[in-house]
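Okay, so here's the structure we're looking at.
The analysis underlying the following values was restricted to heavy atoms, covering all of them including side chains, and did not include hydrogens, waters or symmetry mates.
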Amino acid sequence: MTLAPSRSDAGSASPPGSTLGLTALTAVAPASWGTTYLVTTEFLPLGHPLVSGVIRALPAGLILLAITRKLPHGKWLWRSLLLGTLNIGALFALLFVAAYRLPGGIAATLTAVQPLLVVGLAFLLLGERPTRWRLGWGLVGVVGVGLIVLRGRLSFDLLGILAGIAAAGVMAGGIVLTKRWGRPEGAGAATIAGWQLTAGGLVLVPLALAFEGLPAGLDLRAIGGYAWLSVVGALLSFLIWFHGIGKLPVVAVSFLALLSPVVAAILGWLFLGESLTPWQGVGFLLALTAIGAAQLTPAVVRNLVRIPATTQGE
């Protein structure tokens, strides 16, 4: 956990190998989200971010509902609607706006502010005091963002940048509320993912129809892109993501989102000819370092490098 010890932080000081497998599995989700930018710019019809959000979320949610055969009830009706709007509806719309208006690596890198937002929201909503360790690594992630965004030889679209930062904000809120509310008895990760994907997709439907309409003449390339985003980028990834959020420390898992810009930048370099300056390379190195360090605590690091224990700065 990136926060002071609490009920949800239990086990944050456990040996790193005890959660290594689950952390690695959870990391698959944000890594897959890094493909969104390449798929959007190269496969999908232009000018339909809301429609793309609907197609990505709603079919995946309905499939999970059909598999689990459970619907939300009571307070989980409005909770699922709110969480679905934050984690899915608003997030997808903002991500697609950023993807359409920014280079892929830059759009994804804006999510690096998410860990700091999670730290603040966790303090406000969960009453968990940030430690210097994870707060410091959150700042390292932001420095990485600055190096990539401000030093890159690229032009930037203000609306795209605002959309990328807003996407980090709504996802941070969704992560913390998901941890705060947990899940109803008998509801697994597939159930929660189904509820939220469906709710998020339905929230976007009237907006997509009102402001964009359906794209005309979808070819096999576009259909393949939508299928990838729906199956891999929504159904499988959010199933894995909600499973990880339920078991891993909330702020530590939020750092895994930094994998998204790494994947997006690599894909942009491999397939789109996007170049990276040396300073941008340093930024990505800082992001990767922050991801790894956020999964540990000072006590674990001391044990790993055999430094005598001290309580200062924890």
Side-chain angles (χ1 to χ4, degrees), residues 1-4 9 12-34 37 104-120 122 130-152 164-165 168 171-172 175 241 244-245 248-270 274-307 310 312-314:
M1 190 72 158
T2 60
L3 306 169
D9 197 31
S12 62
S14 59
S18 62
T19 58
L20 180 60
L22 180 58
T23 300
L25 176 63
T26 306
V28 171
S32 73
W33 299 335
Y37 307 95
I106 305 305
T109 303
L110 293 173
T111 61
V113 301
Q114 185 196 99
L116 286 178
L117 298 176
V118 171
V119 167
T131 65
R132 297 177 185 178
W133 175 262
R134 265 58 177 269
L135 187 59
W137 285 115
L139 291 173
V140 169
V142 173
V143 171
V145 172
L147 289 175
I148 295 172
V149 174
L150 300 180
R151 298 296 185 101
I165 295 174
M171 192 172 185
I175 289 174
W241 183 247
I245 289 178
L248 293 171
V250 61
V251 184
V253 76
S254 73
F255 275 78
L256 297 177
L258 299 181
L259 287 171
S260 184
V262 174
V263 172
I266 292 173
L267 293 177
W269 174 66
L270 288 175
E274 295 179 358
S275 61
L276 295 175
T277 68
W279 280 112
Q280 287 176 305
V282 171
F284 282 117
L285 180 61
L286 291 177
L288 288 174
T289 303
I291 293 171
Q295 309 310 313
L296 307 174
T297 65
V300 171
V301 173
R302 284 194 298 266
N303 289 334
L304 291 174
V305 299
R306 300 185 183 280
I307 296 176
T310 175
Q312 184 177 4
E314 294 182 18

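The shortest non-hydrogen separation linking P115 to S254 is CA-OG, 3.6 Å. In this structure, Q114 and A168 approach most closely via the heavy-atom pair CG-O, 3.8 Å. V253 approaches I245 most closely through the heavy-atom pair CG1-CG1, 4.4 Å. In this structure, Y37 and A264 approach most closely via the heavy-atom pair CD1-CB, 4.0 Å. In terms of heavy-atom proximity, A257 sits nearest to P30 at CA-CB, 3.8 Å.
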Run the side chain to side chain contact (heavy atoms under 4.5 Å, CB included) test on L256 and T26 for me, step by step, so that the C-alpha distance in whole Å, both residues' side-chain angles and the decisive distance to 0.1 Å come before the verdict. CA-CA 8 Å; L256 297 177; T26 306; 3.9 Å; yes

Pair T289, W137 - check side chain to side chain contact (heavy atoms under 4.5 Å, CB included), show working. CA-CA 8 Å; T289 303; W137 285 115; 3.6 Å; yes

Please step through side chain to side chain contact (heavy atoms under 4.5 Å, CB included) for the pair L116 and L135, ending with a clear verdict. CA-CA 7 Å; L116 286 178; L135 187 59; 3.6 Å; yes

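Scored by the side chain to side chain contact (heavy atoms under 4.5 Å, CB included) test, V263 finds A31, T35, L267 as partners (sequence neighbours excluded). Residues meeting the side chain to side chain contact (heavy atoms under 4.5 Å, CB included) test with S32, sequence neighbours left out: V232, S237. Under the ring pair (Phe, Tyr, Trp, His ring centres under 6.0 Å) criterion, W241 pairs with W33, not counting sequence neighbours. Applying the side chain to side chain contact (heavy atoms under 4.5 Å, CB included) criterion to L288, with sequence neighbours excluded, gives L259, V262, I291.
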